[in-house]
Amino acid sequence: QVQLEESGGGLVQAGGSLALTCAASGSTFSSRAMGWFRQAPGKEREFVSTINWSGSTTNYADSVKGRFTISRDNAKNTVYLQMNSLKPEDTAVYYCAFGRYSGVYYRAGDYNYWGQGTQVTVSS
C-alpha cells in the first residue's frame, strides 16, 4: 500500500508561481513513475506531467510545457511540480499519482495510487 500526500497549493495571481510537493510512503517509490494530473470544475481529470523512476525522462501536457517543471528526490520519496507563469486556466485540483511501472505515462490507468489533491487557484 502506498500513501501520497500533496502540499503547496493555494491562491496566486496570474503570472505568479507555486511549488507543489508530493510525499510518498513505501519502499518502491524509487522504482516507479510518478505523475501529476489536474481536474477543473466540470471537467475531466487531465494529464499534466510525468517523470520516470530515475528522473531522467519527463514529459508535459502541451498546455503547461515551458511553464511547469517536474522533478523527484528518491532519497526523500518526494516528487515536485514547479509551476511558473500561472494562468487562470491552470485553476484546478492537482493530484499526485504513483505509477504501476517505471517509465513515463500519460493515462490515469497507468497509475494505481492517488493523493487526495491540492487546490490551485489562479486569479486574473
Side-chain angles (χ1 to χ4, degrees):
Q1 187 75 11
V2 173
Q3 293 186 326
L4 304 174
E5 184 171 359
E6 303 102 333
S7 61
L11 173 64
V12 65
Q13 289 189 331
S17 298
L18 281 175
L20 304 184
T21 298
C22 174
S25 67
S27 60
T28 57
F29 177 86
S30 61
S31 64
R32 302 295 184 89
M34 294 296 295
W36 287 96
F37 288 73
R38 67 186 182 186
Q39 188 167 16
K43 296 187 176 181
E44 294 189 351
R45 189 171 299 190
E46 65 174 2
F47 166 77
V48 174
S49 183
T50 179
I51 188 167
N52 75 331
W53 68 278
S54 67
S56 62
T57 304
T58 61
N59 218 318
Y60 301 90
D62 287 344
S63 58
V64 307
K65 202 170 293 184
R67 300 187 297 121
F68 290 12
T69 302
I70 190 171
S71 61
R72 67 190 296 161
D73 185 339
N74 286 344
K76 296 182 178 180
N77 276 20
T78 302
V79 64
Y80 307 95
L81 186 68
Q82 177 65 43
M83 306 185 295
N84 298 328
S85 302
L86 282 161
K87 305 175 180 181
E89 51 264 43
D90 294 318
T91 295
V93 177
Y94 283 71
Y95 296 91
C96 171
F98 184 90
R100 297 179 185 274
Y101 316 109
S102 61
V104 290
Y105 307 101
Y106 313 95
R107 300 180 306 170
D110 289 322
Y111 297 85
N112 54 350
Y113 294 100
W114 296 80
Q116 81 288 350
T118 186
Q119 177 70 47
V120 171
T121 303
V122 184
S123 63
S124 57

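Positions are given from 1, in the same order as the sequence printed here. Only heavy atoms go into these numbers, but all of them, side chains included; no hydrogens, no water, no symmetry mates.
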A.B. asks: Do F98 and M34 come close enough that some side-chain heavy atom pair is under 4.5 Å?
C.D. replies: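 Yes, close enough: below the 4.5 Å cut-off.
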A.B. asks: Run E5 and S7 through side chain to side chain donor-acceptor pair (under 3.5 Å) and show every step you take.
C.D. replies: CA-CA 7 Å; E5 184 171 359; S7 61; over 6 Å; no
A.B. asks: Quick check with a 6.0 Å cut-off and a 45 degree axis cone: is R72 positioned over the face of F29's six-membered ring?
C.D. replies: yes
A.B. asks: Quick one: does N77's side chain have a donor or acceptor within less than 3.5 Å of a partner on G26's backbone?
C.D. replies: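 Judged by distance alone, yes, a pair lies under 3.5 Å.
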A.B. asks: Can Y101 be reached from F47 by stepping across I, L, V, M, F, W or Y side chains whose heavy atoms are under 4.5 Å apart?
C.D. replies: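 Same cluster.
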A.B. asks: Over all heavy atoms of both residues, which pair between N74 and S54 is shortest? Give the atoms and the distance, please.
C.D. replies: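 Minimum heavy-atom separation between N74 and S54: ND2-CA, 4.4 Å.
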A.B. asks: Does NZ or CZ of R45 lie under 6.0 Å from the centre of the six-membered ring of Y95, at an angle within 45° of the ring axis?
C.D. replies: yes
A.B. asks: Does any non-hydrogen side-chain atom of M83 lie less than 4.5 Å from one of L20?
C.D. replies: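 Counting from C-beta outward, L20 and M83 do come under 4.5 Å.
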A.B. asks: Determine, using the 4.5 Å side-chain heavy-atom cutoff (strictly less than), whether Y113 and V93 are members of one ILVMFWY cluster.
C.D. replies: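 Hydrophobic grouping puts Y113 apart from V93.
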A.B. asks: Restricting to non-hydrogen atoms, name the atom on L86 and the atom on L18 that form the minimum distance, rounded to 0.1 Å.
C.D. replies: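 Looking at all heavy atoms of both residues, the closest pair is CD1-N, 3.8 Å.
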A.B. asks: Are D90 and K87 within salt-bridge range, i.e. N to O under 4.0 Å?
C.D. replies: no
A.B. asks: Within a strict 4.5 Å, meaning less than it, do heavy atoms of the V64 and R38 side chains meet?
C.D. replies: yes
A.B. asks: Under 6.0 Å between ring centres: does that hold for W114 and F37?
C.D. replies: yes
A.B. asks: Check whether any side-chain N or O of S25 sits under 3.5 Å from a backbone N or O of Q3 as a donor-acceptor pair, and report yes or no.
C.D. replies: yes
A.B. asks: Do any N or O atoms from the side chain of Q39 and from the backbone of A92 form a donor-acceptor pair under 3.5 angstrom?
C.D. replies: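 Checked: no pair found.
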A.B. asks: Would you check if V79 and I70 make a side-chain contact, meaning some heavy-atom pair closer than 4.5 Å?
C.D. replies: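 Yes, close enough: below the 4.5 Å cut-off.
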A.B. asks: Determine whether a donor-acceptor pair (N or O, by modelled atom type, separation under 3.5 Å) exists between the side chain of T91 and the backbone of V122.
C.D. replies: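 Yes; judged by distance alone, with no hydrogens or angles, the pair exists.
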A.B. asks: Look only at the side chain of D110 and the backbone of V104, and say whether a donor-acceptor pair between them is shorter than 3.5 Å.
C.D. replies: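 Such a contact is absent between D110 side chain and V104 backbone.
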A.B. asks: Please confirm whether the backbone N or O of N59 pairs with a side-chain atom of S49, one donor and one acceptor, at under 3.5 Å?
C.D. replies: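 Looks like yes, one N/O pair under 3.5 Å.
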A.B. asks: Do W36 and V2 land in one hydrophobic cluster if side-chain heavy atoms of ILVMFWY residues count as linked below 4.5 Å?
C.D. replies: yes
A.B. asks: For T21 and Y80, work out which heavy atoms get closest and say how close.
C.D. replies: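 Closest approach of T21 to Y80: OG1-CD2, 3.6 Å.
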A.B. asks: So, does T78 use its side chain to make a donor-acceptor pair with the main chain of K76 at under 3.5 Å?
C.D. replies: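 It does hold such a pair.
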